[in-house]
2 protein chains.
Amino acid sequence: MATGRTHRPANRSRGIPEATVARLPLYLRALTALSERSVPTVSSEELAAAAGVNSAKLRKDFSYLGSYGTRGVGYDVEYLVYQISRELGLTQDWPVVIVGIGNLGAALANYGGFASRGFRVAALIDADPAMTGKPVAGIPVQHSDELERVVRENGVSIGVISTPAGAAQQVCDRLVAAGVTSILNFAPTVLNVPEGVDVRKVDLSIELQILAFHEQRKAGGEAVGGGVLPQTTVGRDESTDQGPDGDMPAVMPA
Amino acid sequence: MATGRTHRPANRSRGIPEATVARLPLYLRALTALSERSVPTVSSEELAAAAGVNSAKLRKDFSYLGSYGTRGVGYDVEYLVYQISRELGLTQDWPVVIVGIGNLGAALANYGGFASRGFRVAALIDADPAMTGKPVAGIPVQHSDELERVVRENGVSIGVISTPAGAAQQVCDRLVAAGVTSILNFAPTVLNVPEGVDVRKVDLSIELQILAFHEQRKAGGEAVGGGVLPQTTVGRDESTDQGPDGDMPAVMPA
DNA sequence: CCATCTTTGTGCACACGTTCACAAAGACAT
DNA sequence: ATGTCTTTGTGAACGTGTGCACAAAGATGG
């Protein structure tokens, strides 16, 4: 604390690695838990264990933020909570709109992790007129027609899409046109956005498929599937039992 | 270059990169859509555009599976669908249990992307006795007491946890003890599992925080309360993502 | 059969991410 | 103060992922 004082732009210049950014929320969660237990300081080793990462990685991650630790002691929990929150932009209020209030949209609206992190559900939007006015998580659902107005009036810059895949691109376009520049997409489809707009996707089906891959490998790589299968015109085999809808609905249209 | 048998199965030996595995479901989705439109072949360029990735990356990814394309022509859609499905282990049936039938659990149970990919919801489990017997997505919810029996009787190896954070570790332990070796965790907590068990996590709050970070950066680091940001000329030289995709996996291996 | 054209498959270079291992910084006891 | 002990911060090695650019493979037309 003596020397460095606050200004320690170490690596802080303007480049925190993406991989590090993705872990900051993880650290923040662990630190918040410690804070609630009134733990004053924590070592990189302890915190790393709590966050489920390797301690060297954690120290390197923190080094991108600056030198906030004390050698021989560890990190001040409260201070670190503040620094990470600030770095992530959680010290400001982020109004969010959720579009597509099916099962998933409702789950998101009810999710406590939002409010506790500076995210505020500014509006719930659904295309189904039958949903309009119906309260979900205490917030009345609004019709899609209101989308642009809601975004503008609330200064929303983050939108969450939990519609069926077929509607996602259109919703995305409207959100972007209205001023949204970050989108969290739960619909199983690739979204095209103009430059400057960030999209992150969460695809439940993809996660399961990745697990299946590893599961299959564990179960004895060569067991199922019939081995090599000479080229031949594969034509059809029953394997393509793809339903008529593929993987379309992310949530029930309600 | 591995040794020996340099014939058909090129790099297929035993090492498909994780990053490639994570993209296979993406390709599969795009290919399935093409298949439904009866498109016979597709070039790496077209398919890459549909999947939202770079074509060189796609070709390299496919090269790990083997040489399944025809130069000057492209890839046979049906054949590739089969090969990727087989590689991912989707040609077999994967019974899945979902534990924690709140809003999110219900959304998952209703999610169409599961059934259409070889995943079958074998059971829904919830600790609340008031839920027992109540049908969700056409499947009656069973009480937690049934967890072990259900896993054993159905040969379930993949479990989905959508409980509150406080219950997740205990549920995880029971799933693992009963024989589950792959877990998809939606609870915002780090799960400890014995070696040999795969965990993938999806944390909605974390995704939003990552978006907030980039959003803050876009806003010039200036504290931007509300109001609409003028669509600044985002022509950043950052050479940002080409695709609409932040590219970081939505979840990370635990 | 030869020429030409298209598109794959991949060598290579580079960027990014992870981990090791250790010097330096500081706390603390004597 | 001095020495010892703990823990950070980071240089360097290593591993993984990405993208360019091009030779090779095969189609197609004459």
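Letters A, B, ... mirror the listed sequences (proteins, then strands); counts begin at 1. In what follows, every heavy atom counts, from backbone to side chain, and hydrogens, waters and symmetry copies are set aside.
Rounded to a whole Å, the CG atom of Asp76(A) is 13 Å from the P atom of dT8(D). Taking atom CD of Glu45(B) as the reference point, atom P of dT7(C) lies 9 Å away to the nearest angstrom. Remark: P of dC20(D) and CG of Asn54(B) are 6 Å apart, rounded to the nearest angstrom. Atom CG in Leu47(A) sits about 14 Å away from atom C1' in dT7(D), given to the nearest Å. Distance CG (Leu80(B)) to C1' (dT8(C)): 13 Å, rounded to an integer number of Å. At whole-Å resolution of the value, NZ in Lys57(A) and P in dC20(C) are 11 Å apart. Rounded to whole Å, atom P of dT8(C) lies 13 Å from atom OH of Tyr27(B). The nearest whole Å value for the distance from the CG atom in Asp61(B) to the C1' atom in dG19(D) is 12 Å.
Two residues, Ser44(A) and Thr20(B), neighbour DNA chain D, and the one matched to the more 5' nucleotide by heavy-atom proximity is Ser44(A). The residue among Pro17(A) and Gly72(A) whose nearest nucleotide of DNA chain C is located toward the 5' end is Pro17(A).
For dG9(C), the OP1/OP2 oxygens have a side-chain nitrogen or oxygen of Tyr75(B) closer than 4.0 Å. Not one side-chain nitrogen or oxygen of Tyr64(B) sits closer than 4.0 Å to the OP1 or OP2 atom of dG17(D). For Lys60(B) and dT10(C), the shortest distance from a side-chain N or O to OP1 or OP2 is not below 4.0 Å.
With hydrogens and angles ignored, a donor-acceptor pair closer than 3.5 Å exists between the side chain of Arg71(A) and the base of dT8(D).
Ion pair Arg217(B)/Glu87(A) flagged as a salt bridge, since at least one NZ, NE, NH1 or NH2 atom sits closer than 4.0 Å to an Asp/Glu carboxylate oxygen.
None of Tyr27(A), Tyr68(A), Tyr82(A), Phe62(A) except one satisfies the ring-ring contact (aromatic ring centres under 6.0 Å, His included) rule with Tyr75(A); the exception is Phe62(A).
Side-chain atoms of Leu184(B) and Lys201(B), non-hydrogen and from C-beta on, never get closer than 4.5 Å to each other. Within the 4.5 Å cutoff, the side chain of Val176(A) has heavy atoms near those of the Ile183(A) side chain.
Side-chain atoms of Ala56(A) lie closest to dC20(C) of the nucleotides dG26(C), dT7(D), dC20(C). Ranking dG26(C), dG26(D), dT18(D) by closeness to the Thr70(B) side chain, first place goes to dG26(D). The nucleotide whose nearest atom lies closest to any side-chain atom of Ser63(B) is, among dG9(C), dT8(C), dG26(C), dG9(C).
At a cut-off of 3.5 Å, with distance as the only test, a side-chain donor of Ser35(B) or Glu78(B) sits close to an acceptor on the other residue.
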